[in-house]
Amino acid sequence: MTPLDNARRIFGGDRYATQATGIGIEAVADHSAVCLLTVEPRHCNARNVAMGGALFTLADFTAAIAANTDCLADGELHWVSLDATVHYLAPAACGTRLRARCAGLKVGRTTALYQTQIESLDNGRCIAIVETTMMHL
């Protein structure tokens, strides 16, 4: 089984991200991941743009996958989020296709810092940047 297959199998258990939100896992590599989400009406706020919570879910899920790439073969997840800082930079209208790319900036034995960039696949605009501190259990 490939790392991508393992990630999809393991993180398919995150029903909020995969089923309720509709996030798809596109790629995984050493301490990095790429996920996709199309903004649908269910993700939008009263201004008809993606709600911050939907964007954060996309970033948090992508960071969890990136942090746990070294665990995919054994199926056990060893990294969890401690905190996250979100920088919302631009709105994402309903129908916008989003790509979240996450990579480890500093990965230590017990803590790590990951950065996720969410961009529009429609116009290349950066929608949000999220920095997540992870802890190894």
Would you compute the distance between atom NE2 of His31 and atom CG of Asn68 and round it to the nearest 0.5 angstrom? 9.5 Å
Once rounded to the nearest 0.5 Å, what's the spacing between atom CD1 of Ile127 and atom CD of Gln117? 11.5 Å
Atom pair CZ/OG1 of Arg125 and Thr96 - distance to nearest 0.5 Å: 10.0 Å
Non-hydrogen atoms of Thr116 and Ala59 that approach each other most closely: OG1-O, 3.8 Å
Between Arg8 (side chain only) and Asn6 (backbone N and O only), is there a donor and an acceptor less than 3.5 Å apart? no
Between Ile25 and Leu4, is there a side-chain heavy-atom distance shorter than 4.5 Å? yes
So CG of Asn45 and SG of Cys94: to nearest 0.5 Å the spacing works out to 10.5 Å
I'd like to check Cys35 versus Leu58 (side-chain heavy atoms, cut-off strictly below 4.5 Å). Are they in contact? yes
Determine yes or no for a side-chain-to-main-chain donor-acceptor pair under 3.5 angstrom, with Thr18 supplying the side chain and Asp14 the backbone. yes
Measure the CG-CZ distance between Asn123 and Arg97 for me, rounded to the nearest 0.5 Å. 10.0 Å
When you compare the side chain of Val28 with that of Leu72, does any pair of heavy atoms fall below 4.5 Å? yes
Hydrophobic clusters here meaning ILVMFWY residues chained together by side-chain heavy-atom distances under 4.5 Å, can you tell me if Val130 and Phe11 are in one? yes
Might you point out which heavy atoms bring Cys44 and Val39 nearest each other, and give the distance in Å? SG-CG1, 3.6 Å
Evaluate the side-chain proximity of Leu36 to Leu98: yes if any heavy-atom separation is below 4.5 Å, no if none is. no
Evaluate side-chain contact (heavy atoms from CB on, under 4.5 Å) for Phe61 paired with Thr21, printing each intermediate quantity in order. CA-CA 11 Å; Phe61 185 63; Thr21 307; over 6 Å; no
Do the side chains of Arg9 and Met1 get nearer than 4.5 Å, heavy atoms only? yes
Interatomic spacing from CG in Leu105 to CD in Glu131 - rounded to 0.5 Å: 7.0 Å
Please walk me through it: do Thr132 and Leu113 pass side-chain contact (heavy atoms from CB on, under 4.5 Å)? CA-CA 6 Å; Thr132 307; Leu113 178 63; over 6 Å; no
For the student: nearest non-hydrogen atoms of Ala100 and Ile118, plus distance: CB-CG1, 4.0 Å
side-chain contact (heavy atoms from CB on, under 4.5 Å) for Cys102 and Ile65? Distances and angles first, verdict last. CA-CA 9 Å; Cys102 183; Ile65 296 165; over 6 Å; no
Name each donor-acceptor pair under 3.5 Å that joins a side chain in residues 75-89 to protein atoms two or more places apart or in another chain, with its distance.
| from | atom 1 | to | atom 2 | distance (Å) |
| --- | --- | --- | --- | --- |
| Ser81 | OG | Asp60 | OD1 | 3.2 |
| Asp83 | OD1 | Thr133 | OG1 | 2.9 |
| Tyr88 | OH | Gly52 | O | 3.1 |

Common cluster, Phe56/Val49, ILVMFWY with side-chain heavy-atom separation under 4.5 Å: no
Full working for side-chain contact (heavy atoms from CB on, under 4.5 Å) between Val34 and Arg99: CA-CA 7 Å; Val34 177; Arg99 174 173 49 210; 3.6 Å; yes
